[in-house]
Amino acid sequence: MASPPSPMSPQLLLLLFVIAISAATPSALTCTTQRLTDSANKHYANCLDLPVLDSFLHFTHDAANASLSVAFQAAPPNPGGWVSWGINPKGVGMQGAQVLVAFKGGNGGAVTVNTLNLQSYSVILPGKLSFDVWDTRGEEVGGVIRIFAKVKVPEKVESVNHVWQVGPSVTAGRISKHDFQPANLNSKGILSFSGEQSNVAPAVDPITKKKNIHGILNAVSWGVLFPLGVIIARYMRTFPSADPAWFYLHVGCQVSAYAIGVAGWGTGMKLGGESEGIQYSVHRNIGITIFCFATLQIFALFLRPVKTHKYRYIWNIYHHSIGYSVVILGIINIFRGFSILHPDEKWKTTYSGVLIALGVVAIFLEVITWIVVLKRKSNKSP
């Protein structure tokens with residue numbers, strides 16, 4: 001005779017309850033699975049699954065009084081971290097944004113909501129924003145922090161530029177720096193009051209534009225023209241018919257690379273000065289070293305002794321070692337720049353293709369050069 005089923009133990013019931021709760025964790029949420037209400041206990045008219053940082057924005061636009069009721073929610077990377085959402089009335093990205101930042105107080109305290117004016121990457125002013133904000137409050141549910149607020153928006157506009165972010169910690173009421181991973185750098189967009197996800201990419205903010213210019217200038221100079229000048233000098237001078245054309249091509253290539261590279265280096269130094277809170281020490285130090293070495297190469301042009309001079313071999317050692325150092329360091333720093341800027345993969349692929357093409361040409365010419373040199377030696381041997 002079968003025994004009656006035994007009742008579930010309290011431990012098993014607790015385990016099933018935890019599993020059920022886990023199935024509804026914030027990471028599995030979407031706008032279709034959640035409904036929030038504003039201060040008037042009304043459901044928000046719109047909800048957006050924001051593309052990065054596992055965050056959501058509920059909002060209602062009131063055209064009558066040009067206001068926006070919002071509820072932003074995201075999970076900070078650490079339990080003691082922070083989340084923020086804001087509007088940039090001057091452009092896109094972080095610089096110039098007016099944001100609300102929320103974090104949970106110590107010892108399980110309530111969620112605090114502060115306002116910050118992000119004038120630049122290094123100047124963050126707490127206090128009043130450039131537009132009115134009211135009914136601000138925050139809450140924490142299951143590790144997710146929510147920011148509720150009403151903000152004044154310009155009349156007769158259909159969209160605004162907005163930003164959002166998460167950070168790891170808060171110390172004495174001061175938020176720490178957020179990560180600079182692709183998700184953190186791409187946490188910006190156009191908020192359409194109609195509730196539709198905008199397919200129009202936001203305009204590039206000034207800082208990102210300067211970074212792009214800096215990267216292009218340095219990739220063209222140290223990454224393409226300078227190696228090309230080295231290839232011309234090494235292989236074209238093997239053929240007497242190419243003299244002195246190879247020399248002028250080599251000098252023209254290297255001088256052009258230096259001029260463009262100095263412009264890229266100057267742009268990088270300016271970026272560093274404007275971004276005091278962001279440090280890429282290795283990338284910066286390699287860039288300074290490249291600039292110094294390249295400047296020494298330019299001086300080498302004026303100190304170049306004639307071929308028959310007894311110290312010409314010393315000049316050759318100096319000139320070649322500095323030149324190859326610039327090429328190697330330049331390529332290394334360009335790929336470090338790719339890891340910092342995180343451009344579309346096509347840019348990195350394109351530059352890699354250019355390097356491979358230069359490498360193939362160099363190998364082919366190296367073989368030809370050795371054949372020519374060995375043939376000349378064999379003709380002189382008898």
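One is the number of the first residue; the rest follow in order along the sequence.
- In this structure a side-chain-to-backbone donor-acceptor pair under 3.5 Å is missing from Arg304 to Ala300.
- Looking at Phe293 and Ser325, their side chains come closer than 4.5 Å, going by heavy atoms from C-beta outward.
- Judged by distance alone, the side chain of His214 and the main-chain N or O of Thr267 form no donor-acceptor pair under 3.5 Å.
- One side chain, Ser55 or Trp164, offers a donor N or O that lies under 3.5 Å from an acceptor on the other.
- Of the possible donor and acceptor atoms, one in the side chain of Gln98 sits under 3.5 Å from a partner among the backbone N and O of Ser130.
- Put simply, the side chain of Gln254 reaches to within 4.5 Å of the side chain of Val230, judged on heavy atoms.
- Between Leu249 and Met236 there is a side-chain heavy-atom pair separated by less than 4.5 Å.
- In this structure, the side chains of Val83 and Phe72 come closer than 4.5 Å at one or more pairs of heavy atoms.
- Looking at heavy atoms from C-beta onward, Trp265 lies out of side-chain contact with Tyr258 at the 4.5 angstrom threshold.
- Pairing each heavy atom of Gly138 with each of Val113, the nearest pair is N-CG2, 3.6 Å.
- Scanning both residues, Gly261 and Trp222, for their nearest heavy atoms gives CA-CZ2, 3.5 Å.
- In terms of modelled atom types and a separation under 3.5 Å, the side chain of Asp62 and the main chain of Ala64 share a donor-acceptor contact.
- In this structure a side-chain-to-backbone donor-acceptor pair under 3.5 Å is present from Arg312 to Pro305.
- The side-chain heavy atoms of Tyr318 and Leu296, taken from C-beta on, include a pair separated by under 4.5 Å.
- Within 6.0 Å of atom CH2 in Trp370, 12 or fewer heavy atoms from other residues, nucleotides or ligands are found, so the atom counts as exposed in its surroundings.
- Heavy atoms of other residues, nucleotides or ligands lying less than 6.0 angstrom from CD of Glu366 number more than 12.
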Fill in: Trace of the side chain to side chain contact (heavy atoms under 4.5 Å, CB included) decision for Val151 with Phe131
CA-CA 7 Å; Val151 299; Phe131 47 78; 4.1 Å; yes
Fill in: Evaluation steps, side chain to side chain contact (heavy atoms under 4.5 Å, CB included), between Val282 and Arg336
CA-CA 9 Å; Val282 176; Arg336 290 195 68 89; 3.6 Å; yes
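- Between Phe338 and Phe335, the ring-plane angle classifies as perpendicular under the 30° and 60° cut-offs.
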Fill in: Trp85 and Val101: CA distance, side-chain angles, deciding distance, side chain to side chain contact (heavy atoms under 4.5 Å, CB included) verdict
CA-CA 7 Å; Trp85 176 86; Val101 59; over 6 Å; no
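- Checked by atom type, the side-chain pair Ser176/Ser169 shows a donor-acceptor distance below 3.5 Å.
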Practice prompt. Go through Lys150 and Ser67 one step at a time and tell me if the side chain to side chain contact (heavy atoms under 4.5 Å, CB included) criterion holds.
Written response: CA-CA 7 Å; Lys150 289 185 178 180; Ser67 67; 5.5 Å; no
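- Looking only at distances, a side-chain donor or acceptor of Thr60 sits under 3.5 Å from a matching main-chain atom of Ala45.
- Although no hydrogens or angles enter the test, the distance criterion places no donor-acceptor pair under 3.5 Å between the side chain of His61 and the main chain of Leu68.
- Among Val255, Leu225, Ile216, the single residue meeting the side-chain contact (heavy atoms from CB on, under 4.5 Å) criterion with Ile260 is Leu225.
- Among all heavy-atom pairs drawn from Ile147 and Ser84, the shortest one is CD1-CA, 4.1 Å.
- Side-chain contact between Phe239 and Val372: present, with at least one pair of heavy atoms (C-beta onward) separated by less than 4.5 Å.
- Taking a 6.0 Å sphere around CH2 of Trp347, one finds it holds 12 or fewer heavy atoms contributed by other residues, nucleotides or ligands.
- The backbone N or O of His283 lies less than 3.5 Å from a partner atom in the side chain of Asn333, making a donor-acceptor pair.
- With contacts defined as side-chain heavy-atom distances shorter than 4.5 Å, the pair Gln165/Asn184 qualifies.
- For Phe302 and Phe299, the gap between ring centers reaches or exceeds 6.0 Å.
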